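Remember, predicted model here, so these are calculated numbers, not experimental data. Remember, it's 1-based here, ligands and their atoms both numbered in the order they're listed.
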Amino acid sequence: MADTSEEQKFSLREVLDSFRACLSENKEIFIEDYIAGWRGLVRFLNSLGSVFSFITKDAVAKIQIMGNHLKSENREHYVTFQSMVKYELENEQVEFHKRGNLYESGCRTILRLHRGLQWLQLFLDRLRTSTEDSKTSVMCSEAYNESLAKYHPWIIRKAAGVAFCALPGRPTFFEVMNVGTPEQVVAMLGEAVPLIAEVYNITEELYAQHNMLDLP
Ligand SMILES: CCCCCCCC/C=C\CCCCCCCC(=O)N[C@@H](COP(=O)(O)O)[C@H](O)/C=C/CCCCCCCCCCCCC
């Protein structure tokens with residue numbers, strides 16, 4: 001595993017806090033907190049070593065794009081997913097049919113992370129209900145096949161499959177989460193899964209309303 005002594009340690013609690021904070025009372029999603037949740041997840045992936053770096057790079061690039069929107073002169077429109085969608089649609093910043101110059105559109109970028117969040121929800125749910133001898137690689141690839149895989153070309157699916165085989169076993173996984181005993185990890189996963197599902201479902205509905213679930 002990569003040496004993480006110089007880096008901030010992963011904490012599942014912190015990731016959860018960010019995803020909890022991203023939900024507003026009226027079910028809007030705050031971009032800044034959502035992206036903070038992703039930063040925490042990337043920290044976890046980083047600690048697993050270089051075989052995952054092609055995944056980390058892509059996630060970091062997308063986090064960076066959103067970070068730039070949050071700092072831009074248009075930042076007042078990038079407060080929630082809802083305000084971002086309204087702004088980008090009204091200002092023709094969304095490509096619906098073909099990938100062109102608007103690669104850095106917030107809507108397409110969040111859509112990619114949103115699909116990743118579905119993988120996370122499915123994976124964490126499997127982890128929650130797993131037993132001591134369950135294999136993380138199997139749980140991970142089942143979750144991937146039910147979510148992200150349908151959007152990825154053969155070469156990415158192949159590379160992802162190879163990376164999954166390098167995942168540490170369940171005990172190491174639980175340790176890296178920095179939560180406590182396996183029972184405490186399972187309890188926290190029981191909190192995490194419905195929370196992530198709520199964020200996922202709100203986003204899915206917003207994108208469906210605007211026919212944006214297939215942005216190129
Ligand atoms: C408590 C345990 C928690 C587990 C923590 C997991 C940490 C995961 C961190 C990041 C997951 C990556 C999310 C990936 C988002 C993928 C976005 C995407 O689909 N990008 C593709 C399309 O982008 P555009 O070209 O249209 O801009 C891009 O082609 C993808 C390239 C990289 C490959 C992505 C493979 C995804 C595998 C996801 C499983 C991660 C396995 C982590 C194992 C713990």
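When all heavy atoms of Ser134 and Met139 are compared, the closest pair comes out as CB-CE, 3.8 Å. Across Phe54 and Ala163, no two heavy atoms sit closer than the pair CE2-CB, 4.1 Å. Between Arg39 and Ile63 the shortest heavy-atom distance is NE-CG2, 3.7 Å.
The protein heavy-atom contact nearest to atom 12 (C) of ligand 1 is Ile55 CG2, 3.5 Å. At the shortest separation from atom 29 (O) of ligand 1 among protein heavy atoms lies Ile156 CD1, 4.0 Å. Of the protein's heavy atoms, Arg112 CG, 4.1 Å lies nearest to atom 22 (C) of ligand 1.
When heavy-atom distances to ligand 1 are checked against a 4.0 Å cut-off, Tyr151 has no atom that comes that close, whether in backbone or side chain. When heavy-atom distances to ligand 1 are checked against a 4.0 Å cut-off, Leu148 comes that close only through its side chain, counted from C-beta outward. Contacts between His114 and ligand 1 below 4.0 angstrom, taking non-hydrogen atoms only, are absent altogether. Contacts between Thr56 and ligand 1, counted as non-hydrogen atom pairs separated by less than 4.0 Å, are absent for every part of the residue.
Listed by number with element, the atoms of ligand 1 under 4.0 Å from a non-hydrogen atom of Arg108 are 24 (P), 26 (O), 27 (O). Distances below 4.0 Å separate heavy atoms of Tyr103 from the following atoms of ligand 1: 27 (O). Taking a cut-off of under 4.0 Å to the non-hydrogen atoms of Met177, the atoms of ligand 1 that pass are 1 (C), 2 (C). Annotation for ligand 1: atoms under 4.0 Å from non-hydrogen atoms of Trp38 are 10 (C), 11 (C), 13 (C). Short contacts between ligand 1 and Leu167, defined as distances under 4.0 Å to a heavy atom of the residue, involve ligand atoms 43 (C), 44 (C). Near Arg99, with a cut-off below 4.0 Å to any heavy atom, the atoms of ligand 1 are 24 (P), 25 (O), 26 (O). Near Phe54, the atoms of ligand 1 lying under 4.0 angstrom from a non-hydrogen atom of the residue are 32 (C), 33 (C).
In the candidate list Leu12, Val15, Leu45, Ile65, Leu45 is nearest to atom 9 (C) of ligand 1, counting heavy atoms. The closest heavy-atom contact to atom 16 (C) of ligand 1, among the options Asp58, Leu41, Leu16, comes from Asp58. One option in Lys62, Lys57, Arg43 has a heavy atom closer to atom 23 (O) of ligand 1 than any other, and that option is Lys62. For atom 41 (C) of ligand 1, the nearest non-hydrogen atom from the set Phe10, Trp119, Tyr144, Phe173 comes from Trp119.
Remark: of the listed residues Glu88, Glu95, Gln93, Glu92, Glu88 is the sole one forming a side chain to side chain donor-acceptor pair (under 3.5 Å) with Ser105.
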Please step through ring-ring contact (aromatic ring centres under 6.0 Å, His included) for the pair Phe81 and Phe30, ending with a clear verdict.
CA-CA 7 Å; Phe81 285 4; Phe30 292 117; 10.0 Å; no

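In this structure, the ring of His152 has its center less than 6.0 angstrom from the ring center of Tyr144. Ring to ring, Phe173 and Phe123 are close: their centroids are under 6.0 angstrom apart.
Ile55 is connected to Ile110 through a chain of hydrophobic side-chain contacts under 4.5 Å among Ile, Leu, Val, Met, Phe, Trp and Tyr, so both are in one cluster. Cluster membership check: Trp154 shares its hydrophobic cluster with Leu148, using side-chain heavy-atom separations under 4.5 Å among Ile, Leu, Val, Met, Phe, Trp and Tyr.
Under the 30°/60° scheme for interplanar angles, the aromatic rings of Trp38 and Phe19 are found to stand perpendicular.
Ionic pairing of Arg13 and Glu191 is present here: one or more N-O contacts between side-chain nitrogen and carboxylate oxygen are shorter than 4.0 angstrom.
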